[in-house]
Protein chains: 2
Amino acid sequence: MTSPTGRGDLFSPACPTRLLLDRIGTKWTSMVVKLLAEAGDGEVRFAELQRRMPGVSQKMLSSTLRSLTNDGLVARRVEPTVPPKVHYRLTPLGQSLEVHLAGLRDWAETHMAEIDRARGYAGETT
Amino acid sequence: MTSPTGRGDLFSPACPTRLLLDRIGTKWTSMVVKLLAEAGDGEVRFAELQRRMPGVSQKMLSSTLRSLTNDGLVARRVEPTVPPKVHYRLTPLGQSLEVHLAGLRDWAETHMAEIDRARGYAGETT
DNA sequence: CGGAATCCCAATCGATACTG
DNA sequence: CAGTATCGATTGGGATTCCG
């Protein structure tokens, strides 16, 4: 199992940002974190997450959640009932990350229009 | 063309964070931004960037820079000399993003150890 | 209901070669 | 030196199916 970092360590330790972005930069991760963050203390069930993430497949949601859980950003609680219920929530670590993600989100909402405007324009002031 | 991905716009406008992360989450983007940020006002030449990014190919560096330029995050200055010299620098927009990236970087450096510790552990307090 | 396993396609990335 | 074009290898991601 080639661990995510197990690859050739070009200069990984020098740039943990890359490692982090590799995780939160994946297609669904940021959304899961966002949804869990919005839930506050509330835990969210697998099916509900899936319901609120149109377009996600079980595989990806499952995979994303497993990654986040393994990274200690998300906590998983299983109710050993007959139809098993699995609840997810952000760990304190995940919450601390969410703060920065929120900052990024804010930046995005503020400046995305600029970016969109710039696209195909590239006209800087020399 | 609909969007950079050309794919179906599931709920893009609802989550600009995703769009942003799609950009800065790519393999080399964050590093380019970081290097340009470290250069301060200093512009950095293509070759120097490549030199300071072991493992990157011209293609990817070029592609990354073009994306960033198109997004208005990076400015490109060309000296029309015989051996053309192209200088890149962060735009104010790019710099404003770098602030948040720095925050993320800081978080990563602070908590990456925790994440690393958690990996393969998954032992939350239930 | 949750999720693991399989299969498959599409996008991405890397290496090379060629142009201005 | 800077950049593009092409090709091949790798990967991520989606649909489906089966198991607890």
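In the text below, chain A, chain B and the rest are named by the order of the sequence lines, each starting its count at 1.
In summary, of the residues considered (B:Thr91, B:Val74, B:Thr26), a side chain to side chain contact (heavy atoms under 4.5 Å, CB included) with B:Leu68 occurs for B:Val74 alone.
Interatomic distance, B:Arg45 CZ to B:Arg77 CZ, rounded to the nearest 0.5 Å: 10.0 Å. Rounded to the nearest 0.5 Å, atoms CG (A:Leu36) and CG (A:Leu49) are 5.5 Å apart.
Rounded to an integer number of Å, the gap from A:Glu79 CD to C:dG2 C1' is 13 Å. When the P atom of D:dG12 is taken as reference, atom CG of A:Leu61 falls 17 Å away, rounded to whole Å. In this structure, B:Leu65 places its CG atom 7 Å from P of D:dG3, rounding to the nearest Å. For the pair A:Arg23 CZ and D:dG12 C1', the interatomic distance rounds to 16 Å; values are reported in whole Å. Atom CZ in B:Arg76 sits roughly 16 Å away from atom P in D:dC1 (whole-Å rounding). Separating the CD atom of B:Gln50 from the P atom of D:dC1 is a distance of 10 Å, rounded to the nearest angstrom. Here C:dT12 presents its P atom at 17 Å from CG of A:Leu21, a figure rounded to the nearest Å. If you take NE2 of A:His87 and C1' of C:dC1, they are 11 Å apart, rounded to a whole angstrom.
For B:Arg66, a side-chain nitrogen or oxygen approaches OP1 or OP2 of D:dT4 to under 4.0 Å. Here A:Arg45 does not reach the OP1 or OP2 of C:dC1: none of its side-chain N or O atoms lies under 4.0 Å away. Checking the phosphate oxygens (OP1, OP2) of D:dG3, a side-chain nitrogen or oxygen of B:Tyr88 falls inside 4.0 Å.
A:Leu65 and A:Thr69 make their closest contact through O-OG1, 2.6 Å (heavy atoms, listed as atom of the first residue, atom of the second, distance). Minimum interatomic distance between B:Met53 and B:Val32 (heavy atoms only, all atoms of both residues): CE-CG2, 3.7 Å.
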request  = Applying side chain to side chain contact (heavy atoms under 4.5 Å, CB included), run through A:Leu97 and B:Leu104 and close with a yes or a no.
outcome  = CA-CA 8 Å; A:Leu97 174 62; B:Leu104 224 49; 4.2 Å; yes
query = Just by protein heavy atoms under 4.0 Å, how would nucleotides 13-20 of chain C read 5' to 3' in B, S and -?
reply = BBBB---B
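Salt-bridge formation is detected for the pair A:Glu48/A:Arg52: a Lys NZ or Arg NE/NH1/NH2 atom is positioned less than 4.0 Å from an Asp or Glu carboxylate oxygen.
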